[in-house]
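Letters A, B, ... are given to chains in the order of the sequence lines, protein chains preceding strands, and every chain is numbered from 1.
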Amino acid sequence: MIVAEQKPIEEIVQSIKPYKKLLIAACGTCVTVCMTGGEKEAIELCTLLELVSELEGIQIRVKTIERQCDREFFVDFEEDIEWADAVLSMGCGVGVQFFAELYPGKHIVPALNTKFFGVTRDVGYWTEFCQGCGECLLEKTGGVCPVARCSKSLFNGPCGGSSDGRCEINPDIECAWQIIYDRLKAQNRLDLLLETLPPRDWSSSRDGGPRSLRKSSVYLEVD
Amino acid sequence: MKTVLAGNSTYLAGVADLFEKEGFEIKLASSPYEARALVDEHPVVLVSRSEVSPFITDSQYAWRLIRKVNPLETIVMLLNKDSDSNPYLWKLVLERAIEIASGKRHVCVLCKSVGSRMPGLESLYHEARDLGVSFLKYRSVSLSDEGYTSTITIDDGTDTYNITSPLIIDCTCSPDESVLDYADALRLRTHDNGKINSNRWFLLQGHTSRRNVFYIDTGLMLSLSLEEIVNSIANEIRSTAVITDNTVEIDAKKCAFCYTCYRVCPHGALAPNHDAHAMGVLKSNCSGCGICVAVCPANAIVIGSASHTAHSRSSTEISEEVPDSLEALQTVAFCCENSAAIAARTFAGETNASIVSIPCGGNIDVAQVFQSLNNYKQVIIAVCPDNACKHFDGNSRARLQVERIKKALLAVNKDPDRIKFVQLSHSMPYPLRDALN
């Protein structure tokens with residue numbers, strides 16, 4: 001799941017100040033689950049913005065677009081988008097950009113800061129698990145990703161900063177290599193750690209530039 | 001009426017006989033999984049047997065020991081050596097300490113923490129203090145025997161003390177571990193962020209945190225006999241069989257299936273409906289507190305139409321009552337119906353504030369509060385005192401929301417003092433009345 005958090009309200013107010021008709025577009029998928037950009041948050045944000053004196057006279061509509069990363073979900077909201085001077089998108093970075101691409105003439109304002117791909121640890125608590133680096137090596141590390149969960153993305157860890165199972169960057173962070181060791185030990189697979197993982201080709205990650213993916217079995221190329 | 005019995009198999013048969021005498025049809029669940037599969041349809045009675053010192057369960061045994069001791073010596077009751085004791089055990093210990101102290105003996109209770117999460121514990125504690133029972137909190141403890149007397153050394157974190165006594169009773173309860181798997185499977189909860197932990201206080205004699213799950217500890221029988229406990233549970237099962245209208249409903253089309261409601265529900269009243277790819281409600285468990293309504297990020301949950309709750313009622317009330325001039329209605333108070341709303345009735349004629357009853361502090365709707373700030377000068381959120389929420393943590397949730405609202409108001413240059421948070425019980429109207437004035 002993509003995890004995000006709401007931008008400071010001051011920043012949102014500054015960016016929507018010039019507009020008189022605002023559409024707040026909630027997104028019904030990841031950001032709903034991480035309690036940041038769903039319908040509830042959108043309505044709360046709307047009622048808060050109505051209190052702001054700088055925004056006096058602003059008209060606000062709130063709509064929930066089920067997935068802002070798929071174009072078909074926008075169809076039912078054409079009229080609202082047309083009506084608005086600007087759209088405050090509560091989608092993740094993907095949703096905001098796709099919105100802007102679909103409606104290039106419209107000012108699409110982000111309401112969230114997109115953080116990471118993560119899991120729900122508890123109600124209101126999420127942690128990062130994946131960086132989408134494009135080459136998964138979890139079978140070698142006991143199902144714990146050293147790229148995303150080690151602060152230094154070490155492939156052959158831990159580093160000297162690991163202490164009592166905590167990371168030197170921040171003691172709130174668990175040392176990923178401690179978890180890897182503990183898990184492989186419990187599974188009697190510590191021999192996996194004897195293998196030195198070679199430096200990898202990061203072109204599958206961000207180093208190769210923005211990535212795209214075409215599934216050859218379904219993607220029909222049109223000239 | 002069908003009822004499921006689960007738990008410690010040694011003691012199930014005896015309890016089953018008693019329920020059959022009450023006219024119940026009994027099904028025995030042989031595993032936690034079976035109990036979980038049946039709990040949505042039928043009430044479940046969990047049977048266990050804790051091992052606890054006869055000193056606190058058997059008065060005659062206790063006095064036989066006490067009489068052997070020189071009346072000038074201190075009798076030491078050692079509690080929760082390893083983990084927190086459940087409040088039921090605390091109640092027993094306090095009652096025994098009061099009994100001994102009333103017999104002109106000196107009692108000292110050693111404990112790790114003094115909790116009062118159970119109604120009545122606080123007054124028992126004060127009664128014990130008044131009778132001269134001393135309470136000492138410790139971090140770690142060690143015992144040594146020296147013939148007639150024993151010495152107990154306690155460390156409270158800063159100092160160590162030695163207490164010498166011929167009678168040191170370990171009152172720590174060894175809970176029946178077999179029942180923990182059942183508690184887990186049945187999703188019985190504690191105060192502790194909705195998680196099951198080792199202190200097991202969610203298991204009180206007769207009751208659990210779920211409305212249709214009951215608990216019998218055959219090791220902690222006291223003044224009540226097993227027959228009497230079974231009878232009281234049987235009566236409760238008969239009365240709760242009537243499902244109230246005051247339950248929540250989930251719009252499966254809007255539900256994001258995020259499990260937030262499932263995790264926060266204090267009554268275990270939400271269960272996934274995988275066919276519908278949405279959360280479902282177990283009407284027999286739902287208490288209509290509306291905590292799930294407040295946390296649902298998809299706005300997919302409402303409290304049933306027959307209810308008299310904030311989300312259905314107050315919105316209409318506010319729109320009807322918005323005055324032409326703000327002077328007429330300056331304040332709106334969202335009051336928990338279990339405490340503040342009852343307290344507010346005592347001064348109903350004296351205030352022109354609008355009192356809105358909500359089913360629980362945890363049901364506070366932030367958007368509604370923001371809206372109210374548009375129409376009213378002041379908004380008051382009035383909920384139950386700490387540790388006294390009928391729905392476990394509704395008041396704590398309300399406090400978090402109020403903090404969040406204050407921060408948001410500050411960020412948009414509005415006065416955060418326009419929202420006030422008050423905690424009071426149903427019998428103490430003054431905090432609310434003061435806040436209103």
Gap between atom CD of B:Gln401 and atom CD of A:Glu44 - 0.5 Å precision: 6.5 Å
Heavy-atom pair count under 4.5 Å with chain A, highest-scoring of B:Cys296, B:Ala256, B:Ala300: B:Cys296
Identified side-chain contact (heavy atoms from CB on, under 4.5 Å) counterpart of B:Pro297 within the set A:Val33, A:Val31, A:Thr32, A:Thr36: A:Thr32
Exceeds 12 heavy-atom contacts within 6.0 angstrom, atom CZ of A:Arg211: yes
Over 12 foreign heavy atoms within 6.0 Å of CZ, A:Phe98: yes
Heavy-atom neighbours of A:Glu139 CD exceed 12 at 6.0 Å: yes
Among B:Val369, B:Ile405, B:Val412, B:Asn413, residue most engaged with chain A (heavy-atom pairs, under 4.5 Å): B:Val412
Side chain, backbone, both or neither of B:Lys254 within contact of chain A (heavy atoms, under 4.5 Å): side chain
Which of B:Val366, B:Leu373, B:Thr260 touches chain A most, by non-hydrogen pairs under 4.5 Å: B:Val366
Taking every non-hydrogen atom, the tightest pair across B:Val295 and A:Met35: O-CE, 3.6 Å
Side-chain (A:Lys40) to main-chain (B:Val293) donor-acceptor, under 3.5 angstrom: yes
Heavy-atom proximity to chain B below 4.5 Å, by part of A:Ile9: side chain
CD (A:Glu78) with more than 12 external heavy atoms under 6.0 Å: yes
CG/A:Asp164: more than 12 non-hydrogen atoms of other groups inside 6.0 Å: no
B:Phe370: which of A:Leu49, A:Leu45, A:Leu51 passes side-chain contact (heavy atoms from CB on, under 4.5 Å): A:Leu51
Heavy-atom neighbours of A:Lys185 NZ exceed 12 at 6.0 Å: no
